[in-house]
Structure formats: structure tokens, C-alpha cells
Amino acid sequence: MKNKKTLVLGASTKPDRYAYLAITMLVEKGHSVLAIGQNAGEVAGVKIQTKAIPLKNIDTITLYLNPTRQRDYYNYIVESKPKRVIFNPGTENPEFYQLLELNNIQAEVACTLVLLTTNQY
């Protein structure tokens, strides 16, 4: 499987959160992982940053932020030029899909954990 450099946006150090599970599973599957969350910390050896970090050669951004909180990151995500943005359950945002498509970025409504588990990531 190809390493897909991934940013987890909405990362959490709480083991019961899906973002935490996603970081853990991405690392287990051999992907390079970056993480941004409200609180600093570390999950599976990945440091969670609390501010936007410069991104280069990013393949995927997987969202764990509700649509209202996503607005603060629209420009950041578009300027990062990922190949795709995954909208996990609860993060669906038709307004943002349009902006991404205008910038030739694939908007994918899916569950990162399911994609990883079924080898469709």
C-alpha cells in the first residue's frame, strides 16, 4: 500500500474519539500523519499541533470538525492543495464541497476508519 501523507484535522488525545482512532490506524497502516487539534498532545507518536502548520505534498486531509468550525480552515486547506478531503460522519458540508471542487480537490464523504479497515484508503 502506498504511503498517503495525511493531516487529521480535529485531532484528539481522547482514546474514545474517532480522530484518535484514525491517527492510530493511519500510523499502523504505514501512512505519514500530521495532526491539528484544539489541545496539544501526542497519539501513536504523532504530535498534535494547535495551530495551522505548513503542509507540503499532502495527499489527504481527513476532517473531524463540524461544518461551522471548518470555516476557519477553508483557505488553509485549499492552499495546502491536498488530492482529497475526507468528510467523516458528522462533518458533511456541501458549501465546502463546492469550494474544493472549484480548486480541483476531491471531496469524499466517507469514514476514514472504514476506508482503512477495508483497504480502500
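Since the model is a prediction, treat every value here as computed from it, not as a measurement. Keep in mind that the numbers below use all heavy atoms, side chains included, and drop hydrogens, waters and symmetry copies.
- Heavy-atom minimum distance, A35 versus A11: CB-CB, 3.7 Å.
- When all heavy atoms of P67 and E92 are compared, the closest pair comes out as CG-O, 3.1 Å.
- Counting only distance, with no hydrogens or angles, the side chain of S80 and the backbone of P82 share no donor-acceptor pair below 3.5 Å.
- Under the side-chain contact (heavy atoms from CB on, under 4.5 Å) criterion, T50 pairs with A40, not counting sequence neighbours.
- Across I48 and V43, no two heavy atoms sit closer than the pair CD1-CG2, 3.9 Å.
- Pairing each heavy atom of L21 with each of P15, the nearest pair is CD2-O, 3.9 Å.
- By the neighbour-count criterion of 12 heavy atoms within 6.0 Å, atom NZ of K83 is sparsely surrounded, having that number or fewer from other residues, nucleotides or ligands.
- Of the possible donor and acceptor atoms, one in the side chain of N88 sits under 3.5 Å from a partner among the backbone N and O of T112.
- The CG atom of N103 sits 9.5 Å away from atom CD of E79, with the distance rounded to the nearest 0.5 Å.
- Counting heavy atoms of neighbouring residues, nucleotides and ligands inside a 6.0 Å radius, atom CD of Q98 does not exceed 12 of them.
- Looking at T6, its side chain does come within 3.5 Å of a backbone N or O of K4 through a donor-acceptor pair.
- The CE atom of M25 lies 10.5 Å from the CG atom of L115; values are rounded to the nearest 0.5 Å.
- Between the CZ atom in R71 and the CD atom in E95 there is a gap of 5.0 Å [rounded to 0.5 Å].
- Cluster partners of V109 are L7, L9, L34, I36, I53, L55, I58, I61, L63, L65, Y73, Y74, Y76, I77, V78, V85, F87, F96, Y97, L99, L100, I105, counting Ile, Leu, Val, Met, Phe, Trp and Tyr whose side-chain heavy atoms approach within less than 4.5 Å, directly or via other members.
- Atoms OG1 and OH, from T62 and Y121 in turn, are 6.0 Å apart once rounded to the nearest 0.5 Å.
- T13 and G41 make their closest contact through CG2-CA, 3.8 Å (heavy atoms, listed as atom of the first residue, atom of the second, distance).
- Screening K5, R84, H31 for a side-chain hydrogen bond (donor to acceptor under 3.5 Å, both in side chains) involving T60 leaves a single residue, R84.
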